[in-house]
Amino acid sequence: MAEEKVKIEFYPLDIDYDSKGVISLFGKRVNGRKIIVRDNGFKFHFYILGENLDDIRKRLEFIELPNVNYQVLRTEMCKMNFFDKPVDALKVYVNHPAAARYIQQEFDGIQIKEADINLGKKYLIEKNITPLFLCAAEGYLTRIKNVEVLENAKVNAVEDKIVENLKIFAVDIEVYGFTGSFENVKEPIISIAIKGDGFDKVLTWREFSGKPDYAEILENESEMLKRFVEIIKEDMPDYIVGYYSDGFDFPYLKARADKLNVRLNLGLDNSELKVRYGIGNKARIIGIPHIDVCKFVKTTMDESLKLDAYDLNSVSKELLKESKHEMTLEEINNAWDNHDLEKLCKYNLQDAYLCLEIFKKIKENLHELVRLIGISPFELARLSYGQLVENYLIKRASEFNEIIENKPPNHEIAERRLDTYQGAFVMEPKPGLYDDVVMLDYRSLYPSIIVSKNISPSTLNKNKGNKTPAILIGNKENVYYFDDNRKAFIPSIIQEIITRRQRIKEILRNDPDDPILKARSYALKTLANSAYGMFGFFGARYYSRECAESITAFGRDCIQKTIERAREDGFNVVYSDTDSIALVLGDKHLKDAEGFLARVNKELPEFMELEFERYYSRGIFVGKKGNTRGAKKKYALIDGKGNFKIVGFETVRKDWSLIAREVQKRVLETILREGRHENALVYVKEMIAKINNKEIENKKMVILTQLKMDIDEYRQIGPHVAVAKKLREQGFEVRSGSLIRFIIQDGKGMIRDKAVIPEMCKKGCYDSEYYVNNQVIPSVQKIFEIFDVNLEDSENEQKSLGEF
DNA sequence: AAGCTACGGGG
DNA sequence: GTGTACGTAGCTT
């Protein structure tokens, strides 16, 4: 180790800690080089609540814990708050959070708090360090391989200056004949694209003609994986991003690397890629934040995008106005078989390019959330709504002298999950096609309720304060009260978030395109909106069913009153969901809707506001199947510029044939564009005739369904299980996770008896009746019911016409 | 009608 | 430090 002490400045990008409680900050120096800063001087603390704290304190001074690795370093008595009530607490400093577990075992009847807060998180809070923002460190410089390490470092935040010139690499892989499983994967990775600014690379392992400059051909798949690792280690990106890369690319890379005995030691500290499979899966590269762009967009940007589908193409079209190159799975496999990889390389690189560009668009949003909440970008990009605000509360708690409540134990989570309550009001729409639809919505409805009613577990009261509307609990009506005399910690923080956002919006009024302020405003909005989710989330520290159901009760009351008022003013309210209402103008004009808005806002309490969301020239609201009442959350709209917004229709699901999805989409768009259904009906009839005349290609008839269990576990044999059995008989390996493709063929018996592998189905041998009656008609039936057109009748008519 | 099973993202 | 999201719909029994 070097002797001389050095002082450096750096931006932390990632954080980790080891079993000894040594913190590693992985960052980028101001000179651009990577550095690992190790701090072994952090003392973790937690609190003990209970009786006889002085006695406990004395015993703790001399205690030897059963596990000698863990020690008590220091204790002190302090006056704190817990759920906004003053408490005496014993603050205990230890060398590692795991020590708390042993202390809990030594003392009966004590409550240990905050020992379940991640060590790294606590470090950042205590040191007031925000990832991505400038820090200084003093320590001894060494290196691991080609990365500088600062040992025994003292670290402190310097100023509110965010990292710049980030080097971002987007990664995308292509696979030959993927079956859907990550266990014992036999199908190779055929190419890997890496895209950065001014950096284009596609790795593959088969020669082909027309090789672009950016393509590099390796000996075999193993060599390709090794080259991938080498590139990452040489170029050392600050971010690695992918699309659905937590769920596909990195798990697959890991699976193949394991199989081929290749080490994916991508970590800045040379550690291996860590992958957690299943729900909540994530791929972690220590030291280099990996962001699954799809996951972040879906969970955190959902509010502003409101897309019906989050595949790469849809998101690219929405955010970039660019598309994926077209290439089917079959074409990808054929390209590999035929050594014809030019198009594949372009396709692969384009996907990586789109992912990179999407990330650049949403980067500020991620960074503003990091800045607010103060956790690493890797962690932040994977937080659910409820966890966002929880982490923020943890960060802010000390200002309120608050001790943070523990995470619930598993048995309590299980109980909470069963404890359901009434949610938001969703109006059943009157099915129909409407002209001039105006959407209005409440700005941050739930957070504003939390603030104006002072909702918090600590203010929940038996009989005085802010009274909720009647809530049905079990079979009797009940009300809750929330103390309105004292400000509680949670509503205070939410109020501050709302106020900060209002101030930023003020500034934005003069400079509406400032990207940072826009992102900041959005981050604050996201944070405020997640407070309700936290109360209702069974895994949350501050879960409170009473708070959650009070919020929704106030919300229902508010939106229902708004609907009534709109009706009194002569508007036709066709739909409403949670915090929004859809008005049909009819004889009225936009001005009238604006007037209504102004009148409502005049009467609202301080933090609440109804806003003009958007004007749509037309909208379709459809009914539920076999039900004359409207379906919830199922509508399609077209705005003045011809942009469609399709919500809740099956147009995107792969367990529907392409023909059904195509027809449904085209029908919705035709009716919205033309304002009448006649042409759409002609189109459907044409398509039905084409199906009946066997004019549709087989590939549009393919249905994809994944096996979720091994074949023999199925108690109920659906079509995909029947096909899987046939595949097994033919010697194909089929197991849980396999994706089964099939076509329903002409024949007798149940649907499963007619399901065959697409390759077995000769041209035109598909079961027209099935595709007409079970695919195409059901996909558009509900739409045509609006116009009193029953497709089954017209289909019979068509048939009889055809027979003559 | 009830029970079972699938969808999302990726290839 | 861990979990099979969750609301909706088709097919079989």
Side-chain angles (χ1 to χ4, degrees), chain A residues 97-98 116-121 172-182 185 187-191 242-253 276-282 292-295 297-299 307-315 324 327-333 336 344 347-348 351 355 379 382 384-385 387 407-410 413-414 417 420 423 426 537-539 624-626 631-634 648-650 652-656 660 703-709 713-722 739-740 744 749-753 755 770 774-775 778-779 782:
Chain A
D116 61 356
I117 296 173
N118 176 292
L119 177 66
K121 215 176 269 180
D172 182 55
I173 67 167
E174 303 301 330
V175 167
Y176 184 84
F178 176 54
T179 59
S181 172
F182 292 107
V185 280
E187 306 76 15
I189 297 169
I190 54 180
S191 66
Y243 205 83
Y244 199 60
S245 42
D246 269 350
F248 180 73
D249 299 77
F250 282 112
Y252 208 91
L253 274 164
R276 198 181 80 193
Y277 296 92
I279 285 296
N281 45 5
K282 51 186 173 187
D292 181 339
V293 174
C294 174
K295 186 175 274 178
V297 166
K298 233 166 109 176
T299 55
L307 293 175
D308 201 39
Y310 285 90
D311 57 286
L312 180 57
N313 206 31
S314 307
V315 176
K324 268 170 77 94
M327 209 166 174
T328 64
L329 298 180
E330 211 176 348
E331 285 169 336
I332 292 172
N333 293 342
W336 187 248
L344 180 86
Y347 170 84
N348 196 180
D351 275 7
C355 180
E379 254 197 285
R382 286 162 183 77
S384 64
Y385 256 147
Q387 292 168 315
K407 280 187 262 187
N410 286 337
I413 293 181
R417 295 180 83 131
T420 57
V426 185
F537 172 55
F538 48 77
K624 263 184 187 157
K625 199 194 169 189
K632 292 178 176 182
K633 300 192 191 201
K634 202 162 183 176
F649 286 91
E650 326 48 6
V652 291
R653 291 172 58 136
K654 69 170 177 242
D655 61 343
W656 283 77
I703 297 165
L704 294 160
T705 311
Q706 195 177 35
L707 280 188
K708 291 286 189 180
M709 297 180 261
E713 291 175 54
Y714 280 89
R715 291 193 278 166
Q716 190 161 295
I717 311 299
H720 68 302
V721 184
L739 200 60
I740 310 296
I744 305 299
M750 277 191 289
I751 291 166
R752 68 168 175 224
D753 300 322
Y770 173 84
N774 296 41
Q775 293 275 323
S779 77
K782 296 155 220 159

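Computed from a predicted model, the values in this text were never measured in an experiment. Numbered from 1 within each chain, the chains take letters A, B, ... in sequence-line order.
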OP1 or OP2 of [N] under 4.0 Å from side-chain N/O of [X]:
X: A:K282; N: C:dT2; value: no
X: A:Q716; N: C:dC11; value: no
X: A:H720; N: B:dA6; value: yes
X: A:N774; N: C:dC11; value: yes
X: A:R752; N: C:dT13; value: yes
X: A:K324; N: B:dG11; value: yes
X: A:Y310; N: B:dC7; value: no

Residues A:D246 and A:K282 bridged, charged N to O under 4.0 Å =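 Salt bridge: no.
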What contact category does [X] fall into here, base, sugar-phosphate, or nothing, at under 4.0 angstrom with non-hydrogen atoms?
X: A:D292; answer: nothing
X: A:D753; answer: nothing
X: A:Y770; answer: sugar-phosphate
X: A:I717; answer: sugar-phosphate
X: A:Y714; answer: sugar-phosphate

Go through the structure and list residues passing salt bridge (charged side-chain N to carboxylate O under 4.0 Å, His left out) with A:K407, not counting sequence neighbours.
->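 Counting only residues at least two positions away or on another chain, A:K407 forms no salt bridge (charged side-chain N to carboxylate O under 4.0 Å, His left out).
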Mind checking side chain to side chain donor-acceptor pair (under 3.5 Å) for A:N348 and listing every partner two or more places apart, or none if nothing turns up?
->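 Partners of A:N348 under the side chain to side chain donor-acceptor pair (under 3.5 Å) test: A:D172, A:E174, A:S191.
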Find the distance A:K708:NZ to C:dT4:P and express it as a whole number of Å.
-> 14 Å
